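Step one of this worksheet: look at the structure below.
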Amino acid sequence: MAEAADFQGTSPSPARRWLRRTGAVLAGTPLLAGFLQLPAGSPAEAATPAAPRAASDDGSVAVSVDSLTPGAPSEGDTVTVSGTITNKGKKAVTDASVGLRVGSLLDTRSSIDTAAKNSGDVDSPAGAEIDDKYTEKFSKLTPGVSQPYTISVPADELDLGQDGVYDLSVTLTGETSDQPWEQTLGVRHTFLPWQPDELDAKTKTTFMWPLVSTVHMTAETGSDEEQTPVFHDDDLAAEISPGGRLDRMVALGKDLDVTWVIDPDLLASVEAMTTRYEIPGENTDDQDVVGGHQEVAKRWLTEVQKAVADKEVVALPFGDPDLASLAHHGTSVTGSLRHLKEATDVAARTVESILHVVPSTDYAWPVEGAVDPSIIKVATSAGADKVIVRGDTFEGGRDLTYTPTAPRPIGGGTTAVVADARLSTVFDGDMTRASAATQAVQRFLAQSLTLALQTDRPRSVVVAPQRTPSAAQAQTMAEAIGALQDSTWSQPQDLTTAAKSKPDPAAGTDVPPASAYPKSLRKQELPRSAFEQIARTQDKLDRFKVILSDQSRVVTPFGRALNRGMAVSWRGRPAEAAIYRSGVETYLDTLSSQVRLIEKSETKLSGRSATIPVTVQNNLVQGVEHLVLRLTSTNPTRLQIDGDAYEEQPVAVSGGHSQSVKFTTNANANGRATVVAQLYTQDGRPYGQPVTFDVKVTEITATVMLVIGGGVLLLVLAGFRMYTQRKRAAARQAEEREQDDAADEADADAADKGAKNPAVSETRPTGESAPRTREDAPEQPSDPAPDTAPESADPSGTGERVDR
């Protein structure tokens, strides 16, 4: 490994500092010799030892270094160290003193690692204490109580020798009641880079500044014209608000010479927040919860635009897909690499449209820079020709006594840009404590200077920190970068220039085998089932989009959601990742089901031919087209559809409407026939669920028609007979009335003749009664009732016969 090359080159030191340091050592020799000649084991020695003695490995007093300025001093500077001391023991500490000690020169990178690991070990060599006047006294340290300290020392008084990194320790000495002698009770080791003169061959350092977040947007959008975006949480608003993690990243990065590495999904998500957005389960009318961060989003995007102006911007594939998971579990699933290609293609357009800069999309960044041949193959499949890897997982080269330059050609036109592992990981961990942040900054500077002093070869060094630094980590990184940019041994460089620098022919170029991939990272990868679900959702999307009049309303949000489904940020969160992917698929199923066939009950047909309507319902906000409705008879012998077993008709339905499609059927026999209605896309793929219903056929035969015709004829003849009978009866009644009228006229004529000839009228044979008139005729049941009214005394009218 390159990191094993720990021998640094030497540079000339000022003679004055060397002589002063040598003189101090010589001056202390007689005193040391005197100490060695003292009798051993005397009580006086135990009570007042000549040199401090460690009480325990960790010490009973915790010492922190919360600030060290300047981090890399030069001649004439004053070094100020401040922090706190805390008595962790049960006994009070008396006659306590806090002082500085300059230890040995740490001339290898591994020695810096060792010192950092044992930074609180009181048994570690601490060197000679600086002049007593640069100490701070405490008469008593009460158990459990912390007290601050500050010590300022001119750099010239530190008695530093040759250029390099020194072990600088803050020690606390004191006494306790059960150990009443001066002893070292606490220590904190840190690092002091010393390079007052400019190096002739400065290290060119590239620091990647990542703007990456977790997944926040869903595939769901509103049904309005603007397609209101839906977020599954409002955490992004907190990140971009003043003081938030991403807000701090932008505010700190704008003043640094760094290469911005951006996930386009983050920019797209924040841009979506500049208008109204919704969160499921929240009250969408509450602007304080939903859609209430438009101004925050606009301000953050504006600040990003200013920060990246005239700086190099590298765009990761949209959604920051997990390349290792894809290589190890996704390539065996058809279509997985298609999503990586789409994510890469859309990345540049997204960044350019929002930030108004043209980003580079030539880089792939696997998780923690760990690679194997399959990861390299996947990383370059979408067009990237540079892969950012990390030195602790990549062979540095054999027998190298220095860390080689970053770019390494690994074949096939691909360059591995090897980031320095020590510099890249130094900011991991909790940086909220000032002591941890200060230690990280000093360790970063120490490693950088030691690397620079290894050789006079020109080298490019890349620093690839954690993907999503916390606000405290970002603050610590910014302090370290600021100190490095002001140093005498390093100068900033962008990533593209670093990748194009001349490779070191002695550096290793072999890609680690699959067996070397870290098991801890492999455990966090997305499983094969994740990529299978993504492929299944994509297949459904392909079938759904072809029927839409405006495909972009669906293809864009779902395509980006599928990219997010394979994001690096799901590592370590398998349950949340599964919920997100299932939510995308379920929502697509919901949309697809909005275009469907209406269920039908049993249909009855009478006759040889009839029309069957089938209704297609579209509850989407946009119209659907390119659909074909097929009606199929399962028993074409009994029932045919337009003279065949099935018939197809094109379908186009406007948004929010239904349409009935009519099919002509022909019946050949009585009975039931099952009919199946199914929608198809124009490429012949079934769409939605089929609708099955029965058709009951009742056929009308010739015999039935004769029976019906005979019945109708009988009804007509019966009516005609009734008509003729009524007509004859009416004629008889009219004839009888004529005969009666003739008889009455004859009687009237006879009466007139009798009045003219009384003899004739009054002479009757004896014993013969007179002829009976109608009045004298026997009463018939149908005759009118007799007039029984009282006789009238009024004079009779003319021509009226009056009975007296």
Side-chain angles (χ1 to χ4, degrees), residues 209-254 260-309 311 313 315-320 343 346-359 468 471 550 552-561 563-564 567 569 580 584 587 621:
W209 196 255
L211 279 186
V212 180
S213 185
T214 56
V215 175
H216 299 284
M217 286 187 69
T218 69
E220 186 174 352
T221 59
S223 59
D224 53 339
E225 186 67 25
E226 293 76 16
Q227 288 190 270
T228 300
V230 178
F231 286 63
H232 63 74
D233 58 43
D234 210 18
D235 294 346
L236 184 55
E239 287 193 286
I240 63 175
S241 294
R245 184 184 73 85
L246 291 173
D247 176 72
R248 296 299 300 150
M249 288 291 295
V250 175
L252 294 168
K254 67 181 180 180
W260 294 80
V261 181
I262 302 176
D263 177 9
D265 178 37
L266 171 61
L267 300 179
S269 298
V270 177
E271 186 181 48
M273 294 174 61
T274 59
T275 58
R276 180 175 174 79
Y277 64 96
E278 298 177 359
I279 301 175
E282 300 286 355
N283 178 9
T284 56
D285 292 332
D286 187 354
Q287 295 299 314
D288 293 333
V289 176
V290 178
H293 302 286
Q294 291 94 337
E295 295 304 319
V296 170
K298 293 176 182 178
R299 182 197 64 84
W300 187 81
L301 287 179
T302 300
E303 292 300 317
V304 176
Q305 292 171 0
K306 295 178 181 178
V308 302
K311 301 286 181 65
V313 175
L316 298 174
F318 191 98
D320 190 18
V346 76
R349 297 196 302 270
T350 303
V351 173
E352 186 173 359
S353 65
I354 297 176
L355 298 184
H356 312 301
V357 297
V358 179
T468 55
D550 184 3
S552 63
R553 288 182 63 91
V554 171
V555 172
T556 300
F558 275 100
R560 302 295 76 78
N563 295 144
R564 298 181 183 108
S569 63
Y580 181 84
V584 174
Y587 181 57
V621 296

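Numbers for residues simply follow the sequence, beginning at 1. Note that the structure is a prediction, hence the values are computed from the model and not measured.
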Side-chain donor-acceptor pairs under 3.5 Å in residues 302-309, sequence neighbours left out?
from: Thr302; atom 1: OG1; to: Lys298; atom 2: O; distance (Å): 2.9
from: Gln305; atom 1: NE2; to: Ile354; atom 2: O; distance (Å): 2.8

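Once rounded to the nearest 0.5 Å, the distance linking CG of Leu211 with CG of Leu316 reads 10.0 Å. Of the inter-residue distances, the one linking Leu355 atom CG with Glu352 atom CD reads 10.0 Å to the nearest 0.5 angstrom. How far CE of Met273 is from CZ of Phe231: 5.5 Å, rounded to the nearest 0.5 Å.
The closest side-chain heavy-atom distance from His293 to Ile240 is not below 4.5 Å.
Under the rule for a side-chain contact (heavy atoms from CB on, under 4.5 Å), the partners of Ala567 that lie at least two apart in sequence or sit in another chain are Val215, Ser569, Trp570. Remark: Val621 engages Ser223, Arg553 in a side-chain contact (heavy atoms from CB on, under 4.5 Å) (not counting sequence neighbours). The side-chain hydrogen bond (donor to acceptor under 3.5 Å, both in side chains) check on Thr228 picks up Asp224, with sequence neighbours excluded. Thr350 meets the side-chain hydrogen bond (donor to acceptor under 3.5 Å, both in side chains) test with no other residue; sequence neighbours excluded. Scanning for side-chain hydrogen bond (donor to acceptor under 3.5 Å, both in side chains) contacts around Thr214 gives His216, with sequence neighbours left out. In this structure Ala561 satisfies the side-chain contact (heavy atoms from CB on, under 4.5 Å) test together with Ala219, Arg564, Tyr580, Val584, sequence neighbours excluded. Residues forming a side-chain hydrogen bond (donor to acceptor under 3.5 Å, both in side chains) with Ser241 (at least two apart in sequence, or on another chain): none. For Asp263, the side-chain contact (heavy atoms from CB on, under 4.5 Å) test picks out Val212, Asp265, Asp320, with sequence neighbours left out.
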**OP:** Could you give me the CA-CA distance, side-chain angles and deciding distance for Trp300 and Leu246, then say whether side-chain contact (heavy atoms from CB on, under 4.5 Å) is met?
**Re:** CA-CA 9 Å; Trp300 187 81; Leu246 291 173; 4.0 Å; yes
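The minimum heavy-atom distance between Phe318 and Pro264, with the atom names listed, is CD1-CB, 3.8 Å. Contact detail for Met217 and Ala268: the closest heavy-atom pair is SD-O, 4.3 Å. The minimum heavy-atom distance between Pro359 and Ala348, with the atom names listed, is CG-CA, 3.9 Å. Of all heavy-atom pairs between Ser213 and Leu266, the closest is CB-CD1, 3.9 Å. When all heavy atoms are compared, the tightest approach of Trp260 to Lys311 is CD1-CB, 3.9 Å.
For residues 238-254, the set of pairs meeting the salt bridge (Lys or Arg N to Asp or Glu O under 4.0 Å) definition, not counting sequence neighbours, comprises Glu239-Arg245, Asp247-Arg299.
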